[in-house]
Amino acid sequence: MTVRSGRVSFRSVRVAVLVCVAVVSFFVAIQLLSASLQTLSSVVRPILSRQTGPLSYVGTSWLSAYVMLNGSIVAAIALSLFSADLITVLELFLLVSGSRLGAPGIVLLIGALEFLRAPSYSLPEAMRLGTLTFLVGLTVYAPATVIGAVVIWVTERSTWARDVPVDGRAGGVSLFEPLTTAIIDQLGAAPSALVAMLVLVGSFHLLDTLLNRISVDWLREHMFVFLQHRWLSLGLGFAVTAVTTSVAFSMGVIVPIYNRGYIRRDEIVPYVMGASLGTLTDTLLVALILESGTGIAIVLLLFGAAAVSTIAALSVYDAYYAFLEAVQNALLENNRTFAVFVAMLVAVPFALVVGPG
């Protein structure tokens, strides 16, 4: 009994230490990336000026979220670029919203892995939750992007012209400034930026790895009660994603039980909508770490616009769900249609990147 308790205690301490390592690494990486980009502004600014127009920023972050399998990392880089005064407020908003459109890529990957593990159904069927997540994200964040861009466009430019700093010293964030300065002095700005991005990706990966070790049986058993009520389902999806800062975890919990038919599609949609909103919480944390008042306002603007889209959809839920069901049934009708859909997932953001803005 004592030996078993000791093993449990050691495992708990080890997990706690790793969580602290991931969090500290995340904080350092964000500040290091921002400081490095600020030093590299003369090099990075001409590269960013090659963007063909506002829509190209949406497409770039959308595709980047696919590549990194994490929209939050892309949003963090966008906030770092803004903190270094390399992009405008509108460009920041479009980069963050584009990262949300590309975020469902990880859910599609989870579905594909589920198919490889249990190939008792077709690949389109295995990826139906990923397909549904993408459709929900598109119907939430496409209108939110338009709403937010219009708000930025019509408001006084002076309102957004200057970034309002937020004092982060109370949270201990500025304690890492001497460390980031020393790293840049030793390695140089460009290598430091690369190191920061690697550490950022590593911190997210470490958190996801730790979350994957958590037993989710209890959560799966008790979530059925919430899923039967759409507003509770919305809140559950938001809470799980916000607390874990991982849409891969919140959606990964329900992929197996959804694919096996234990949850109806109409029950899962509000949960997916809540998870989609919850992905912005870690982006808000990045803005706080960078002590960017304008960055915080932009994230809250996108969150508010997405919340408006979500509430509007839930207010006419029967019609909204009927639309989603019709589209998804059409996409999963046969392998050829599904292949066209997958191709469009890449072709549309690519077209936004290369097309006239």
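Worth knowing before you read on, the calculation uses all heavy atoms, side chains too, and leaves out hydrogens, waters and symmetry mates. The structure presented is a predicted model; accordingly, all values stated were derived computationally and were not measured.
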Tell me the closest heavy-atom pair linking S192 and L187, and the distance in Å. OG-CB, 3.7 Å
Under 4.5 Å between side-chain heavy atoms, counting indirect links through other Ile/Leu/Val/Met/Phe/Trp/Tyr residues: same cluster for V340 and L345 or not? yes
Please tell me if the side chains of Y271 and L236 come closer than 4.5 Å, counting only heavy atoms from C-beta onward. yes
Just to verify, what does V327 make a side chain to side chain contact (heavy atoms under 4.5 Å, CB included) with, not counting sequence neighbours? L135, F323, L331
Just wondering, do I289 and L285 contact through their side chains at under 4.5 Å, heavy atoms? yes
OH of Y317 to CG of L324, rounded to nearest 0.5 Å, is 7.5 Å
Would you mind writing out the side-chain donor-acceptor pairs for residues 299-309 within the sub-3.5 Å range, not counting sequence neighbours?
{"from": "S309", "atom 1": "OG", "to": "V140", "atom 2": "O", "distance (Å)": "3.3"}
{"from": "S309", "atom 1": "OG", "to": "A305", "atom 2": "O", "distance (Å)": "3.2"}

Hey, does the side chain of S276 reach the backbone of M273 with a donor-acceptor pair shorter than 3.5 angstrom? no
I need the single residue from L94, L55, V353 that forms a side chain to side chain contact (heavy atoms under 4.5 Å, CB included) with T60. Which is it? V353
T279 and T283, any side-chain heavy atoms less than 4.5 Å apart: no
Contact summary for L101 and Y141, nearest pair of heavy atoms: CD2-CB, 3.9 Å
For residues T241 and G278, report the shortest heavy-atom separation together with the two atoms involved. CG2-C, 3.6 Å
Straight-line distance of L81 CG to I77 CD1, nearest 0.5 Å: 7.5 Å
For the student: nearest non-hydrogen atoms of G59 and L352, plus distance: CA-CB, 3.9 Å
Which class fits the ring pair Y66 and W62: parallel under 30°, tilted 30 to 60°, perpendicular over 60°? perpendicular
Separation of I298 CD1 from F82 CZ (nearest 0.5 Å): 7.0 Å
For F93, the ring-ring contact (aromatic ring centres under 6.0 Å, His included) test, sequence neighbours excluded, returns none
Assess whether side-chain contact (heavy atoms from CB on, under 4.5 Å) is satisfied between V199 and V28, documenting all intermediate values. CA-CA 8 Å; V199 173; V28 173; 5.8 Å; no
Nearest non-hydrogen partners of S292 and G295, listed with the distance: OG-N, 2.9 Å
Any side-chain heavy-atom pair from I268 and L132 closer than 4.5 angstrom? yes
To the nearest 0.5 Å, how far apart are CG in L63 and CZ in F350? 8.0 Å
Mind checking whether V151 and V89 sit in one hydrophobic cluster, side chains of I, L, V, M, F, W, Y counted as touching below 4.5 Å? yes
Would you compute the distance between atom CZ of R100 and atom CG of L280 and round it to the nearest 0.5 angstrom? 5.5 Å
Between L79 and A287, which heavy-atom pair has the shortest distance, and what is it? CD1-N, 3.9 Å
Are any side-chain N or O atoms of S61 and backbone N or O atoms of Y57, one a donor and one an acceptor, separated by less than 3.5 Å? yes
Interatomic spacing from CD1 in I87 to CG in L92 - rounded to 0.5 Å: 5.0 Å
